[in-house]
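Presented below is the structure to which this report refers.
Chain A is the first sequence line, chain B the second, and so forth, proteins listed ahead of strands; every chain is numbered from 1.
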Protein chains: 2
Amino acid sequence: MIAEVLNRPGHLARRFQQIAVSVFVAEAEAAGYDLTPVQYAALAAVKAHKGIDQATLAGLIAYDRTTIGGVVDRLEQKGLVSRRVSKEDRRARVLEITPLGKRTLVGIEPAVAAAQKAMLRGLDASEAATLLRLLRKAIDASNELSRAPMREG
Amino acid sequence: MIAEVLNRPGHLARRFQQIAVSVFVAEAEAAGYDLTPVQYAALAAVKAHKGIDQATLAGLIAYDRTTIGGVVDRLEQKGLVSRRVSKEDRRARVLEITPLGKRTLVGIEPAVAAAQKAMLRGLDASEAATLLRLLRKAIDASNELSRAPMREG
DNA sequence: TACTGATGATCAGTATACTTGTCAATTTAG
DNA sequence: CTAAATTGACAAGTATACTGATCATCAGTA
């Protein structure tokens, strides 16, 4: 049997993430939005940190700096974010959320909430809280082991 | 602040999975193996189920049917798995682990164990057990919400 | 000031993970 | 027993997530 493999933390992490993405995309689509979890998180971060550059944004939500380029490309293409060269540092691209981006964040919120609930539907409130707490704890302790660690903003 | 986004289960799932993959690849590489977590799980499943076809393999470890094709391609290219057309069903590709594949699974085991330990290093034994139990429970309850649900066992 | 190093971003390349569509082979329905 | 539905696999396309390399710019120092 391969139960040993299927019960390893790495495999469970992959499965849970797989379900989380599926649920998010399904809820967003049902609500009429074409936004992935990654794009959503980036958009929310840009809103919360006006004028942030891509590298700082990547550190904030723990994305690889190469990956963030493509994500921002798509957000820009959808008109949710604007990107321009910084005046202080001409290497940097300064990001800002557009009015459409703001409306999108507000409008998609119920779908996001529904998705977060759906992926925990097998757990009661206490279990869900425990799972999130332990996930946070494990992540915090291993942050530096990731190739794209979270960097405080 | 974007703490609300960063503390959502979906984001934590992504971060934990991200760390799990990084740790696995790093440990495997340090041990002299070029194998990803996905390839490892597929290889272990092929060993445990001789003569399995790709679709059944995909269901067993909850991979997308299309994804498994590329994974098996790489395993075959590395000489870890052999693939041939089934005699009972000529649509199917029958998979078998090679001697090199078996040696690889044995040899990489310490690195896999080290990786699983590393990604839980922030938790004590009791917390780790709880996290895995709750992850399993959440996954089981939402299995069908995934695009590539686990099939059979 | 010139040099050195660090940093922001991008490009090319690889690997997952999924979509839709297609094809061939098999199974089931009528 | 044929027609319809299903299934296994692949192809093309998109999105995340990295590697390593390169380029431009900026910051520090000698």
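Atom CD of residue A:Gln54 and atom CG of residue A:Leu95 lie 5.5 Å apart, to the nearest 0.5 angstrom.
When the salt bridge (Lys or Arg N to Asp or Glu O under 4.0 Å) test is applied to B:Arg83, the partners found at least two apart in sequence or on another chain are B:Asp73, B:Glu76. Under the side chain to side chain contact (heavy atoms under 4.5 Å, CB included) criterion, A:Ala114 pairs with A:Glu27, sequence neighbours left out. In this view, B:Ala31 and B:Tyr33, B:Ala111 satisfy the side chain to side chain contact (heavy atoms under 4.5 Å, CB included) rule, not counting sequence neighbours. Remark: A:Arg136 engages A:Leu132, A:Arg133, B:Asn7, B:Leu12 in a side chain to side chain contact (heavy atoms under 4.5 Å, CB included) (not counting sequence neighbours).
Contact check of residues 13-32 of chain B against DNA chain D (heavy atom, cut-off under 4.0 Å) returns B:Arg14, B:Gln18. Using a 4.0 Å cutoff on non-hydrogen atoms, no part of residues 111-122 of chain B comes near DNA chain D.
Contacts of B:Thr66 with the nucleic acid, taken as non-hydrogen atoms under 4.0 Å apart, include base atoms. Residue-level contact check: A:Asp64 touches the bases, meaning some heavy atom is under 4.0 Å from a base atom. Using a 4.0 Å heavy-atom distance criterion, A:Thr67 is classed as a base contact.
Of the residues near DNA chain C, A:Asp73 and B:Thr36, the one whose nearest nucleotide (by heavy atom distance) lies more toward the 5' end is A:Asp73. The residue among A:Val71 and B:Ala55 whose nearest nucleotide of DNA chain D lies closer to the 5′ end is B:Ala55.
Rounded to whole angstrom, the span from the NZ atom of B:Lys78 across to the P atom of C:dT14 amounts to 13 Å. Atom CD1 in A:Ile52 sits roughly 15 Å away from atom C1' in C:dA9 (whole-Å rounding). Here C:dA15 presents its P atom at 14 Å from OH of B:Tyr63, a figure rounded to the nearest Å. When rounded to the nearest whole Å, the span between CZ of B:Arg84 and C1' of D:dA9 equals 16 Å. Between B:Leu57 atom CG and D:dC10 atom C1' there is a gap of 16 Å when expressed in whole angstrom units. Atom pair A:Arg151:CZ and C:dA6:P shows a separation of 15 Å (rounding to whole Å applied). Atom CD in B:Gln39 sits about 14 Å away from atom P in C:dT14, given to the nearest Å.
Residue pairs meeting the salt bridge (Lys or Arg N to Asp or Glu O under 4.0 Å) criterion with at least one partner in residues 99-126 of chain A, sequence neighbours excluded, are A:Glu109-B:Arg8. Counting only residues at least two apart or in different chains, salt bridge (Lys or Arg N to Asp or Glu O under 4.0 Å) contacts with residues 33-49 of chain B comprise B:Asp34-B:Lys78. Contacts classified as salt bridge (Lys or Arg N to Asp or Glu O under 4.0 Å) and involving residues 51-67 of chain B (residues at least two apart or in different chains) are not found.
B:Val85 forms part of no hydrophobic cluster, judged by ILVMFWY side-chain heavy-atom separations under 4.5 Å. As a member of the Ile/Leu/Val/Met/Phe/Trp/Tyr network built from side-chain separations under 4.5 Å, B:Val106 groups with nothing else and remains a singleton.
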Between the protein and nucleotides 22-27 of chain D, list every N/O to N/O distance that falls short of 3.5 Å.
from: D:dT25; atom 1: O2; to: A:Arg91; atom 2: NH1; distance (Å): 2.9
from: D:dC26; atom 1: OP1; to: A:Arg90; atom 2: N; distance (Å): 2.9

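Contact annotation: A:Arg83 reaches the phosphate of C:dT10 (side-chain N/O to OP1 or OP2, under 4.0 Å). Proximity of B:Arg65 to the phosphate of D:dT7: no side-chain N or O atom is located under 4.0 Å from OP1 or OP2.
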(request) Would you please test B:Phe16 and A:Leu134 for side chain to side chain contact (heavy atoms under 4.5 Å, CB included) and show each step? (result) CA-CA 11 Å; B:Phe16 190 54; A:Leu134 293 178; over 6 Å; no
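Around CD of B:Gln77, the count of heavy atoms belonging to other residues, nucleotides or ligands within 6.0 Å does not exceed 12.
The partner of C:dG21 is D:dC10, by the rule that a Watson-Crick or G-U pair needs both atom distances under 3.5 Å.
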